Each structure stands twice: as C-alpha cells, then as structure tokens.
Protein chains: 2
Amino acid sequence: MIRVLLAEDQAMVRGALSALLNLESDIEVLGSAADGEAAWRELQRLQPDVLVTDIEMPGLTGLELAQRIQRHELPMKVVIVTTFARPGFLRRALDAGVSGYLLKDAPAENLAEALRTVHRGGRAIDPQLALEAWSDADPLNDRERQVLRLAGEGQSAGDIAAQLNLSHGTVRNYLSEAIGKLGVANRIEAYRLARQKGWL
Amino acid sequence: MIRVLLAEDQAMVRGALSALLNLESDIEVLGSAADGEAAWRELQRLQPDVLVTDIEMPGLTGLELAQRIQRHELPMKVVIVTTFARPGFLRRALDAGVSGYLLKDAPAENLAEALRTVHRGGRAIDPQLALEAWSDADPLNDRERQVLRLAGEGQSAGDIAAQLNLSHGTVRNYLSEAIGKLGVANRIEAYRLARQKGWL
DNA sequence: CGCCGCGGGTGACGGCTGTCATGGCCGGTG
DNA sequence: CACCGGCCATGACAGCCGTCACCCGCGGCG
C-alpha cells in the first residue's frame, strides 16, 4: 500500500486528484493540504510514503517544501505535479532531491504509475522536459534576477534603485546586461523570457 | 441521469475530474476533449445535457465555445470551470448564456451539486465573483485593448503601429489613454491590471 | 445647415531607457 | 606583490515613452 499526502491549492483539482488516486487499489490518500505550510504540518503528522505536490501555492511553494524535506532528511519521496514546463523549475526540483516531476498535461494514468515507480525507489521525470533542463542554464546573476523581477512589475529604474539601495544608473546597467544576456530588445521581453524559462 | 461532456486541456486534471464525476451515481461522463474544436465536434456527436469546460484552451477558448453553442441554439447547458477569478470573464460568460461559472478554488463537491442545479434549470455562479462582475466595467475601447495587448508582449510603439497600420504617435496616444483610464504609471502596469481584470 | 462626437494624426516637451566607456573598491589567486 | 573578476557607480548620448494641445475628416442629429 502506497500512503500518499496531496498538496494542491485549487480545491477542485485537489478533490479530483484525490478521487483519481483512490480508484487505485494499491494507493491510499491519507490526506490533503491547500498550501505549503499546511502540507508541512500534515506531512509530519501522517508520515506518508510519498508527497504529491503542486509548485505554485500560497505561502510556501512546492519547491521550497521539497527543499525543507531534504534539509530535515525526512524519509519520504516527493513527486511534483505542475502546470509549468519550465526547465529552471525541474532543475531546482532535482536539486531539492525530488523523485518525480510530472506535468498536468500528461495523461492521468501516468500519475499512479509514477507513484509506483517512485515508491519502488525509481525516478519519474517528464522525458522531454529532462532534455531541456540541462540544455540552457540560467545566465542571470542574483542582482539581475532581482532587478528584472521588480522591473516586470512595472517599476522604473528609480523605484527599483530606492528599494535595493542602489543608484538608478546601476539598476539600468543590470537591466541592460540582462537584456543583452537574454538576447531580447527591452525589459518587458527579458522579463517574459526569464519567467517562461523558470529563472525568476 | 445527467449526461456530461468534459472539455479541459490539462490531461491530468481532465482525467481527475472525470473520475470525480463518475463517482456520482446520477452523473455520467460521456466523453472528454482536450481543446475547443474537439469539444465542438464531440458535443454534436454525443448531445450531452451539460458541457463542463475550462476557459483557457488551445485553439478555441471555453468562452468562444459557449458563444458558438448560443449562436447555434444547441439544447444544452454550459458550466465554466476555471482558475481565473476575473470579473470580465464571468461577464462575457454570462453574455454567452452559460448557466454556471465555478472556480477551481471551490470545493470539489460543488461541481456535482452545480451540475444538478443547472440540469434542473437553475444557475450556479460563484457568489463573490458575481458581485465584482458588475461593479467595475471595462473602461477600454477596442483599439486600446488591442494596443495594450501588443505592448504587453514587449513591442514598441513603432512595432505596434506597423502591425495595425497606424502612425506611431497614435499608438502612443492610445497607450497614454489606457494608462490614464486605469490609473497606473506605465504600460507594464496597465497591461498587468487589464489582464488581471480579464479585460484582454 | 451648423454642430457635435469619434477615430486618427501631428508636433513638441520632459523624463525615462538602453548602451557604452570608464573608474573605484574589494577579494581571490598565481 | 600584481593582477583579474565581480560589484557598484558615474556621465554622456540617442532614442523611446507618456503627456498635452491641437488638427483634420466624417457620420449623425437637431
């Protein structure tokens, strides 16, 4: 029997996935959580074999949750189930020691199968995403990421400078470098590209 | 027996919702489709009582699908199930004659209950969203929407002008008006706000 | 008819952006 | 020690952005 905890913020999807997994005779859904912090509490209480988690959740993300499990050396596997086919996300997930990374685009049957594979000690990584993950690395450094994130919210160089205690010229230099590294024409495109790649 | 067709692009969610609905003894899932065009074909073949559809799908969106059903006066109810709590979306959905509009944030049990309500001839609209929908209307006109959409992709006034056969000054005027109407500081914030409200 | 409102355009102004060259200040490393 | 590379700053310049006042042409409408 594979004992599973489910973390997913959208209640309807959470309920539906739970129904789906409970159809399998060798899988038992112990419980579910609507955000990262709740999942962290439930996980210690229920001691599941496998945690199935989304990435984008309020408070603590699925990636941060996986990191925390790794740091505390808790004896359970983690499987990420997400909408986002972003190489950067998979990369961070693998760094956090997860055993599975599936896309919600994948057929529903894959999920139960992936849980069995992982429970046996194997890995279940979306194959085409695995290729991309190591192909192009994040070229941005911390400052560039930081500045780009704020620029993407519509803030001007001056606003950003004030927030980070930098000069407004320096902020523009960082933005210029990020734009150059990403090979795009302006901050908006740079933000979109970096976001899509999972680098923010 | 309520005969249902399911349209949802994410395979895993589609399978999970299908499993969820099939647990109900008075509901039968006739089939499912991964995009709007496929749903349109299946819907004519299977003649379901209710179509349950997502909004964001490749090709034809759920909103466009609902409009098409309305135009052809097909004898079926439509229930939208979506991630997006955007007043503008609900508004357009109601204009397209849908009977239900649920958020994926809502508890899973709501879905079956909503289907029963709708099948009985009632409406199932997310209550707090219904309030917002009529509170603030979209202040943008067609041109402003068009220009803002392109600006949000990182295109310059010149690029946009070329695409729409306008002068580059006119594009800037439209952007300026949109920024003013939305009460924000620049095109990036204008785009984000309009998008969040469901006006794009 | 005159008069509006609306879609589109022009030109000018100040401020912001993106680029580049240059320089100072560390903290390694040979 | 000298040297380099990362980090931060400055200043200059061209070009783009956001705003405003004003213009034209056209369809409706009293």
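It should be emphasised that the depicted structure is a prediction, and the values quoted were computed from it without experimental measurement. Proteins come first, then strands; the chains are lettered A, B, ... in the order of their sequence lines, and each starts at number 1.
- At whole-Å resolution of the value, OH in A:Y174 and P in D:dT10 are 13 Å apart.
- Remark: A:L46 CG to A:M76 CE distance equals 9.0 Å, nearest 0.5 Å.
- Atom CD1 in B:I160 sits about 12 Å away from atom C1' in D:dC16, given to the nearest Å.
- Looking at B:L65 and B:L51, their side chains come closer than 4.5 Å, going by heavy atoms from C-beta outward.
- For the residue pair B:N141 / B:E144, a side-chain donor-acceptor distance below 3.5 Å is found, with atom types taken as modelled.
- Note: CD1 (B:I188) to C1' (D:dC17) measures 11 Å, nearest angstrom.
- Open room surrounds CD on B:E73; 12 or fewer heavy atoms of other groups in view lie less than 6.0 Å from it.
- Using a 4.0 Å heavy-atom distance criterion, A:A185 is classed as making no nucleic acid contact.
- Atoms CG (B:L175) and P (D:dC20) sit 15 Å apart, rounded to a whole Å.
- Residue B:D159 contributes atom CG, which lies 10 Å from atom P of D:dC16 at whole-angstrom precision.
- Residue B:T170 is classed as a base contact, given a heavy-atom separation below 4.0 Å to a base.
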For this session: Using the side-chain contact (heavy atoms from CB on, under 4.5 Å) rule, take B:L94 and B:I125 through it: C-alpha gap first, then chi angles, then the decisive distance, then the call.
Result: CA-CA 10 Å; B:L94 290 176; B:I125 309 292; 3.9 Å; yes
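- With a heavy-atom cut-off of 4.0 Å to chain A, the contacted part of DNA chain C has its first and last nucleotide at C:dT17 to C:dC20.
- The shortest distance between the side-chain N/O atoms of B:R172 and the OP1/OP2 oxygens of D:dT19 is not below 4.0 Å.
- D:dG15 atom C1' lies 11 Å from atom NE2 of B:H168, rounded to whole Å.
- Side chain of A:N22 to backbone of A:A19: no donor-acceptor contact under 3.5 angstrom is found.
- Following rounding to the nearest Å, A:E177 (CD) and D:dG6 (P) show an atom-to-atom distance of 10 Å.
- For B:S176, counting side-chain heavy atoms from C-beta on, the closest listed nucleotide (D:dT19, D:dC16, D:dA9) is D:dT19.
- The CG-P distance, from A:N186 to D:dC16, rounds to 12 Å in whole Å.
- Among D:dC16, D:dA9, D:dA21, the nucleotide with an atom closest to any side-chain atom of B:N173 is D:dA21.
- Of the N and O atoms on the side chains of B:Q155 and A:E189, not one donor lies less than 3.5 Å from an acceptor on the other residue.
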